[in-house]
Visitor: 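Before anything else, here's the structure in question.
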2 protein chains.
Amino acid sequence: MGDSKAPASQTDCIFCKVFGRTEWSGMSAADMAKLNEAKVCRQFDRGEAIFYEGDECRGVYCIKSGLVGIRKIDGEGNSVLLGRLGYPGTTLGYRPLLAGECHRGTAEALEDSQVCFIAAGLVRWLLERNPDLGLRFLHHAAKDLGNAEEDFFQNAAHPLRLRLAHLLLVLKDHYGENFDDGTVMVELPVTRQDLASMMGARPESISRVIKELDQDGLATFSGRQVHIQRIDDLLWELDPAGEA
Amino acid sequence: MGDSKAPASQTDCIFCKVFGRTEWSGMSAADMAKLNEAKVCRQFDRGEAIFYEGDECRGVYCIKSGLVGIRKIDGEGNSVLLGRLGYPGTTLGYRPLLAGECHRGTAEALEDSQVCFIAAGLVRWLLERNPDLGLRFLHHAAKDLGNAEEDFFQNAAHPLRLRLAHLLLVLKDHYGENFDDGTVMVELPVTRQDLASMMGARPESISRVIKELDQDGLATFSGRQVHIQRIDDLLWELDPAGEA
DNA sequence: GTCGCGCCATGATCCAGATCAAGTTGAGTT
DNA sequence: AACTCAACTTGATCTGGATCATGGCGCGAC
């Protein structure tokens, strides 16, 4: 007790707003007690690192609030933000733990975030006693893997404009504020540079595409504020036929 | 007994040459017996489909011999071969099963292959009674996920020539025949078109890059035979610095 | 045989997006 | 306010790879 950093409220997980959405819900009371006792919550300021690329994986991180991204440094020294963002309810770091690897990227709080740490030993202990827990992580991993493969070849197949439109629509689901007139306001959680790196493009190209969308009247960009004027047209571009 | 198709020898898994490399090894004798009894092995000829994109996922497929690839049809009707190939010992189809999805791609035997089918119900039953089995699949999924993310941004970062060099070196590990003079002969398991689709490129571009490598004396291509003359130089291109 | 039909090679041209090079804006600091 | 530094915009230019078009070649079917 008595940390220099203000500790996040170390509430019982059962009271955590996002608990139901995590893989951890559904364990026995005894195991829950163990988890509650051992977990360590803490507040991270925007820009602060939670763990570093190359670090040994000491456990997993359950995101209570805020937003966390994973960064890698590519061969040329550029910082690249991976597509898979950590929203509240997401447990980060399970991949390297289970694959027996070091962290492949640096986790950084993209907004002020509250994060609970669960040590590797405890995770393994819980996994052994709760086959369901493993299955839920397996389900999660299977989903992630599907998305990663999907992204891989969507990326190759579609031009930048479409990929940006797609990303906007995804972010809208998490950060969108719907207006009465059918338009939507989205607050981008990342800089344009990060936006670019997430889509495998350069910032200049993003700027140009943004200008295009702006001129076409599809959306208005101002700093990190995006006002989507014509969602239907954006959807149309992604899938002219009308999916499914 | 008495199928129109020649059934693969329905040997006990314990005698299967690749059994030790699969996720299935390490279960109790009783569970093994159950698996042996219920599995269905069969021979697939080159080009034959094992399951189809969009099919409900009825179980998983353990590859005993041969080679299996996953194809998707992209928006423009082109066939795209995914990077993740199924070598002997690989269990295919676990991803959609665990994610509760339909098959996202068509599995096709790239060579004559023997494949054992294990029904979904049995898989779930075994997973519940064998936490370790789940953990091994989790480990596998975690590895696959790591590779998928790695590929994603390697693809964006490197030009075609490097990506082809990399793929060649991977295939070498599975299909290479080392000669005394240090050169290697690789028999490509796929057509140039598939090669192209795996790397998100067009066949014409592959042809041109191949000609380049040929002229530079790095490798000689003749049909599906590739004679790698200077592996060290190929490695050098991938990582001029000298990894690690 | 030769007909057809994928697969592959090669040339000519085009284009999305990268790269290079200045500016501009904007938030934070002293 | 003036200074700084990073994020952004905009323009000019270059280029890897796509696209379009054509011809050769290997192979199975008849």
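Chain identifiers are assigned alphabetically (A, B, ...) following the order of the sequence lines, protein sequences preceding nucleic acid strands; residue numbering begins at 1 within each chain. Since we're looking at a predicted model, the values are computed, not measured.
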Visitor: Using whole Å, what does the distance between atom C1' of nucleotide D/dT10 and atom CD1 of A/Ile206 come to?
Guide: 15 Å
Visitor: Rounded to the nearest 0.5 Å, what's the gap from NE2 on A/His166 to CG on A/Leu234? Could you check?
Guide: 10.5 Å
Visitor: Taking CG from B/Asp214 and P from C/dC8, how many angstroms apart are they, rounded to a whole number?
Guide: 15 Å
Visitor: Select from B/Val190 and A/Arg208 the residue whose nearest nucleotide in DNA chain C is closer to the 5' end of that strand.
Guide: B/Val190
Visitor: What nucleotide among D/dC8, C/dA9, D/dG17 has an atom nearest to a side-chain atom of B/Ser207?
Guide: C/dA9
Visitor: Taking only the side-chain heavy atoms of B/Ala201 (C-beta and beyond), determine which of C/dC7, C/dA18, D/dA18 contains the nearest atom.
Guide: D/dA18
Visitor: Whether B/Glu108 and B/Arg71 form a salt bridge (side-chain N of Lys/Arg under 4.0 Å from carboxylate O of Asp/Glu) is what I want to check.
Guide: yes
Visitor: Using a cut-off of strictly less than 4.0 Å, decide whether B/Ser205 has a side-chain nitrogen or oxygen near OP1 or OP2 of D/dG17.
Guide: no
Visitor: Roughly, in whole Å, what's the span from CD in B/Gln225 to C1' in C/dC8?
Guide: 16 Å
Visitor: Write down the distance between CG (B/Asn78) and P (C/dC7), rounded to a whole number of angstrom.
Guide: 13 Å
Visitor: Considering every strand and a 4.0 Å limit on heavy-atom distances, what is the contact class for B/Gln193: base, sugar-phosphate, or nothing?
Guide: sugar-phosphate
Visitor: Whole angstroms only, please: what is the CD1-C1' distance between B/Ile210 and D/dG16?
Guide: 17 Å
Visitor: Expressed as a whole number of angstroms, how long is the span from B/Glu204:CD to C/dA12:P?
Guide: 15 Å
Visitor: State yes or no: are the ring centers of A/His227 and A/Phe179 separated by less than 6.0 Å?
Guide: yes
Visitor: A/Lys211 has a side chain; which of C/dC7, D/dG11, D/dC8 sits nearest to it?
Guide: D/dG11
Visitor: Between A/Arg95 and A/Glu101 (salt bridge meaning N to carboxylate O under 4.0 Å), is one present in this structure?
Guide: yes
Visitor: What I want to find out is whether A/Glu149 reaches B/Lys72 closely enough, with some N-O distance under 4.0 Å, to be called a salt bridge.
Guide: no
Visitor: Between B/Leu160 (CG) and C/dA18 (P), how many Å, whole number?
Guide: 16 Å
Visitor: What is the distance, rounded to the nearest whole Å, between atom CG of A/Leu162 and atom P of C/dA16?
Guide: 12 Å
